[in-house]
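Everything on this sheet refers to the single structure shown next.
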Amino acid sequence: MSFLEEIQKRRTFGIISHPDAGKTTLTEKLLLFGGAIQEAGAVKNNKIKKGATSDFMEIERQRGISVATSVLAFIYKDKKINILDTPGHKDFAEDTFRTLTAVDSVIVVIDVAKGVEEQTEKLVEVCRMRKIPMIVFINKLDREGKDAFDLLDEVEQKLGLKVTPLSFPIGMGYDFKGIYNIWEKKLNIFSGDNKQTISEGVEFDDIDNPELDKIVGENSANTLREELELVNEVYPDFDQEAYVNGDLQPVFFGSALNNFGVKELLDCFIDIAPNPQPKQAEERLVDSKEEKLTGFVFKIHANMDPKHRDRLAFVKIVSGTFKRNTPYLHVRNGKKVKFSSPNAFFAEKKEIVEESFPGDIVGLHDTGNFKIGDTLTEGEQLNFKGIPSFSPEHFRYVNNADPMKAKQLYKGLDQLMDEGVAQLFTLDMNGRRIIGTVGALQYEVIQYRLEHEYGAKCSYENIAVHKACWVEPEDPKNEEFKEFKRVKQRYLAKDKQGQLVFLADSPFTIQMTQSKYPTVKLHFTSEF
Ligand code: GDP
């Protein structure tokens with residue numbers, strides 16, 4: 001197979017949703033179609049369950065599972081499909097944001113009864129900003145839920161999307177009769193008892209065909225005809241280019257649990273979803289069809305075995321062919337590195353591979369040289385963009401609780417930050433370290449991992465910080481910036497990249513600071 005064909009057959013995407021909307025169930029059903037797993041229930045759930053074990057112990061247990069589910073790859077109808085796992089728990093939202101830099105499209109799962117939920121809004125906003133093509137899957141149609149048109153409205157309004165349904169439900173909950181597949185002009189009848197089996201659709205080019213009345217009953221048939229007419233009037237026709245540009249989002253309905261509507265989703269997905277897309281680097285736009293290898297690290301999994309500081313860096317291949325035992329340039333540290341056992345991922349296992357292509361994810365064993373965002377090339381000085389840090393929500397001083405282990409503590413903190421567990425800020429004034437996280441859970445994780453992986457102990461101390469604002473002066477030499485630095489001295493810190501950050505204690509402070517120093521811009525993400 002030629003290099004171009006390899007690229008064209010790849011579909012790398014993520015599934016995003018609010019917890020419990022059905023992401024795990026849908027993933028599992030997709031894998032079943034790919035023959036990647038044999039039975040339902042095979043995909044281990046890496047959700048964090050509240051229960052007898054404390055949360056951070058649970059996270060430790062899950063960390064083992066989540067290496068295996070980080071990338072789920074399978075072949076379906078000659079397409080190589082890579083699903084990148086995204087944690088649903090909101091404390092790990094930053095992980096999900098980073099993973100979204102490595103996908104070429106996403107599927108958004110929405111619960112028909114709950115509609116658009118908080119996590120969905122946040123994640124979709126990131127996809128929208130990045131113009132990632134999205135398909136919406138409305139799930140749990142076997143249950144009573146919101147009216148289909150109301151839901152489409154809600155999706156447009158709350159998520160700021162422009163939708164067009166490519167399938168439409170006939171009834172819902174108790175009355176759920178099936179789904180009309182607008183994309184393929186096919187009718188699929190739902191029968192509750194053929195759960196898990198793949199139902200065959202009835203072709204229905206003309207929905208005025210009286211056969212429809214026989215199959216679903218006259219009332220339902222007429223309602224469907226009216227609704228499809230409305231769909232036709234209200235929503236634009238599907239347009240491939242608009243979808244790929246992030247300007248139009250097709251919508252499917254179904255029930256993941258009953259494996260209903262999932263095949264339609266998958267068949268359409270492999271037709272319309274984009275193959276590996278060009279990616280913007282600071283220096284230039286890199287096309288996937290370029291022959292020379294480029295790729296970037298979007299995730300690091302560390303210390304699965306604390307005895308060997310082993311880490312696995314996940315690299316998305318952007319262009320070229322990644323080859324085993326071939327030296328590549330690690331752009332940030334300027335060194336050539338080669339990898340004797342790069343891993344490829346399959347549904348339930350990882351294996352050493354000789355070659356990987358654009359769209360693929362390779363797992364590279366690493367002893368601490370990689371950070372999230374690092375770029376690999378064949379020699380070109382290139383830095384991929386788009387892995388920003390967001391302002392954390394929680395801030396605490398971190399103190400060394402065992403003076404004999406200072407070195408271990410700093411090394412541990414350093415590596416955990418490289419992994420993206422949290423963000424470290426160092427105060428300009430006195431060099432004290434502050435850890436910022438998205439969720440409170442991470443503090444326990446950090447404490448636990450420092451102790452178990454690095455033999456270091458830390459304690460925390462509260463600090464009143466509302467948000468970290470990255471500072472961008474219009475003119476670093478002007479008086480205003482000098483005054484800002486003098487007045488705010490106690491609240492200024494550096495992030496790990498050495499960028500200047502203002503730790504504001506309240507929204508009011510941010511507002512006041514912005515109006516007092518209009519030439520000093522404050523940003524809530526590290527990339528601007
Ligand atoms: P996730 O948190 O988004 O990964 O959600 P899960 O896939 O774990 O699903 C959450 C719950 O919803 C589980 O109890 C599933 O069995 C259930 N569920 C998923 N899909 C459906 C569906 O189509 N119909 C019904 N009735 N329940 C579903």
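For this chain, numbers begin at 1 and follow the sequence in order. Each ligand, and each atom within it, is numbered from 1 in the order the structure gives.
- Atoms of ligand 1 lying under 4.0 Å from any heavy atom of Thr25, numbered from 1 in the order shown and given with element: 6 (P), 7 (O), 9 (O), 15 (C), 19 (C).
- Among the atoms of Lys23, some N or O lies under 3.5 angstrom from an N or O of ligand 1.
- By the criterion of a heavy-atom distance under 4.0 Å, the side chain of Asp142, and not its backbone, is placed next to ligand 1.
- Residue Leu141 places no N or O, backbone or side chain, under 3.5 Å from any N or O of ligand 1.
- The contact set between ligand 1 and Asp20, taken as ligand atoms under 4.0 Å from a residue heavy atom, comprises 1 (P), 2 (O), 3 (O), 5 (O), 10 (C), 12 (O).
- The atoms of ligand 1 that sit less than 4.0 Å from any heavy atom of Pro19 are 2 (O).
- Remark: Asp150 engages no residue in a salt bridge (Lys or Arg N to Asp or Glu O under 4.0 Å) (not counting sequence neighbours).
- With no hydrogens or angles considered, no side-chain donor-acceptor pair links Asp142 and Tyr174 at under 3.5 Å.
- Residues Glu453 and Tyr448 have side chains that never bring a donor and an acceptor to within less than 3.5 angstrom of each other.
- Checking only distances, Leu26 never comes within under 3.5 Å of ligand 1, N or O to N or O.
- Heavy-atom proximity to Ala256, at under 4.0 Å, picks out these atoms of ligand 1: 23 (O).
- Side-chain N/O atoms of Asp104 and Asn275 include no donor and acceptor closer than 3.5 Å.
- Every atom of ligand 1 with a heavy atom of Ser255 under 4.0 Å away is listed here by number and element: 22 (C), 23 (O), 24 (N).
- Defined by atom type and a distance below 3.5 Å, a donor-acceptor pair is present between the side-chain atoms of Ser220 and Lys177.
- Interface of Ser17 with ligand 1, defined as ligand atoms under 4.0 Å from a residue heavy atom, comprises 3 (O).
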